[in-house]
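No experiment lies behind these values; they were computed from the predicted model shown. All values below were derived from every heavy atom in this structure, side-chain atoms included, with hydrogens, water molecules and symmetry-related copies excluded. In what follows, chains are A, B, ... by sequence order, proteins preceding strands, each numbered from 1.
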Amino acid sequence: MSTTLRLYNTLTREKTAFAPIDPQNVRMYVCGPTVYDYAHIGNARPAIVFDVLFRLLRHVYGEAHVTYARNITDVDDKINARALRDHPGLPLNEAIRAVTEKTETQFHEDVAALGCLEPTVEPRATDNIAEMIEIIGRLIGNGHAYVASGEVLFHTKSMRDYGQLSKRPLDEQQAGARVAVDAHKKNPGDFVLWKLSSHNEPGWESPWGRGRPGWHIECSAMSRRYLGEVFDIHGGGLDLIFPHHENEIAQSRCAHGTDVMANVWMHNGFVQVEGRKMSKSEGNFVTIHDLLHTEKFGGRQWPGEVLRLAMLMTHYREPIDFSVKRLEEAERLIAKWPAAEASGALPCDTVMNALADDLNTVAAVQALHALAQEAHGDPDALAVFAASAALLGVLPEKTEVDEALASAVDALVAMRLEMLKAKNFAEADKIRNELADKGIQLKDGKDPATGERVTTWEVKR
RNA sequence: GGCCUCGUGGCGGAGUGGUGACGCAGAGGACUGCAAAUCCUUGCACCCGAGUUCGAUUCUCGGCGAGGCCUCCA
């Protein structure tokens, strides 16, 4: 409990000491995926970054004292479009459910492969429509929202300090510079809280007619439901600062009459692929699934732990260039790390301090690498390594080897040593090669005292 | 146009007003029958210009370059 975390806060543009509202229940909200298609590696970054933060918070405040909420956005016009495209024969609601359930399952498989713990709660937008309607009702009631042309809109001008997060005062924005201003808006920056649905769009009954929520309101509703009106940390990608997070803040604060929505706002940087911007419009994005299970990237599949480490080799606020070269380097590092099981040991101070300093995973990984070298042949160091690696979620798992295989390999190793003594190199190498083909790597060493050859082996990861 | 990042050796990536982390790759070596693994040695980098200074990669200003947001996107 003595560790003090220092976190960079987008709200203040400063790195400050983190003090939870309630150390017995530290609360974090992270914007999750819209479930209409495979998640790409841009989605993987916040999942991994905030997973590290989750692990760190659990370590500092105790596992039972951290609540991590990450939403599933399952109402969205992109989902509707996908449902109509992929399931033209089904009734709309069933088609939508088919899309969202499949995508959600896939997302969970992907992030699990990336070594991410499950959030404490993972609420769905469609399970929180009533909460959204309640908040919208409040906003209309206290003059922060109005009804126009069948939509409920947030009245940005009604909020004195709108734009604090993005440092984007309303007056200074070029109104409608790149998007036509809808005539029914009182101000160009006003955004939709609720909009009416046609028959071929999903909708819910509300005081303003059968409709569906605007983009931002779900996070206000779900964060309040699970974390309260004011909570500790809100995270997401850099590109969400405006308008999404700005508008979440506006909705929540105006509905609840609070000065802040979350105390600390954290944003991870952008992801590029091989030096180029990844964008949906250009179609050059790489999905997590592609990396894990296909040979689309670099002509091979990549283990989840390699992807995770590659992601953590750059500080979360910096842009990251996802490249084959980077993945190869990550893989070489992991290959040098010992497999171990987390025991009761405490993580190394260097790793802890690095992470406590605004999630400096780069320094943490380097410290970890140094530990890995010390751990070579030192059980105590190995335990510290394991605990430290677990904090980052990059602990190579000890491959379970069944005893029959182990004794068979041991016998072959003994046989090989006999052959070596007889200088029968051909036969000895044959054994070595056959084992290698089965994924078993022999490692010859020398007993420091006797000078005898000592052979150990491991299952290649 | 507004707002905002970033620019360090082949690559990744720290850091500091006064000999220059570290990792990966590469090179050399030890060990080995040969490999692998392991260990040792090795890297003279800080976008450009001006300014401040005894001295700047580190501070200031100005360029140039890369990128992001302002519209669905992590």
| message | What's the closest nucleotide to the side chain of A:E329 if the choices are B:C34, B:C4, B:C24? | response | B:C24

| message | On the nucleotide B:G10, are OP1 or OP2 found under 4.0 Å from the side-chain N or O atoms that A:K325 carries? | response | no

| request: Give a yes or no on whether a donor-acceptor pair under 3.5 Å exists between the nucleobase atoms of B:A14, that is its base, and the side chain of A:N360. | output: no

| said: With hydrogens left out and only the distance checked, is there a donor-acceptor pair under 3.5 Å joining A:E318's side chain and the base of B:G13? | reply: no

| task | Answer with yes or no after comparing the ring centroid distance for A:H244 and A:H216 against a 6.0 Å cut-off, counting only values under it. | result | yes

| note | The nucleotide from B:C69, B:C39, B:G33 with an atom nearest the side chain of A:F270 is B:C69

| Closest listed nucleotide, where the reference is the side chain of A:L333 and the choices are B:A35, B:C24, B:A74 | B:C24

| query | Considering only side-chain heavy atoms of A:L240, which listed nucleotide, B:A74, B:G33, B:C4, is closest? | reply | B:A74

| field | Donor-acceptor pair (no angle test) under 3.5 Å: A:R432 side chain, B:A35 base | value | yes

| query | OP1 or OP2 of B:C31 sitting under 4.0 Å from any side-chain N/O of A:R453? | reply | no

| said: What's the gap between B:C3 and B:U71 when it is taken at their P atoms, as a whole Å value? | reply: 16 Å

| task | Please measure how far the C1' atom in B:G63 lies from the corresponding atom in B:A25, and state the result in whole Å. | result | 35 Å

| Intermediate values then yes/no, side-chain contact (heavy atoms from CB on, under 4.5 Å), A:M311 and A:I320 | CA-CA 8 Å; A:M311 204 64 94; A:I320 191 170; 3.9 Å; yes

| task | Classify the nucleic acid contact of A:I241 as base, sugar-phosphate or nothing, counting any heavy atom under 4.0 Å across all strands shown. | result | nothing

| Spacing of A:K430 atom NZ relative to B:A36 atom P, expressed in whole Å | 23 Å

| said: If you apply the rule side-chain contact (heavy atoms from CB on, under 4.5 Å), what do you find for A:R55 with A:L392, and how did you get there? | reply: CA-CA 7 Å; A:R55 287 168 187 264; A:L392 277 162; over 6 Å; no

| message | From C-beta outward on A:Q366, which listed nucleotide comes closest to its side chain: B:A35, B:A74, B:C22? | response | B:C22

| message | Counting the atoms with a prime plus P, OP1 and OP2 as sugar-phosphate, which does A:R45 contact under 4.0 Å by heavy atoms, base, sugar-phosphate, or nothing? | response | nothing

| Contact class for A:V362 vs. all strands (heavy atom < 4.0 Å): base, sugar-phosphate, or nothing? | sugar-phosphate

| field | Between B:A36 (C1') and A:Q441 (CD): distance, integer Å | value | 5 Å

| said: Using a distance-only criterion (donor-acceptor N/O pair, under 3.5 Å, no hydrogens), is the base of B:G12 paired with the side chain of A:D321? | reply: no

| said: With a sphere of 6.0 Å drawn around NZ of A:K430, does it hold more than 12 non-hydrogen atoms of other residues, nucleotides or ligands? | reply: no

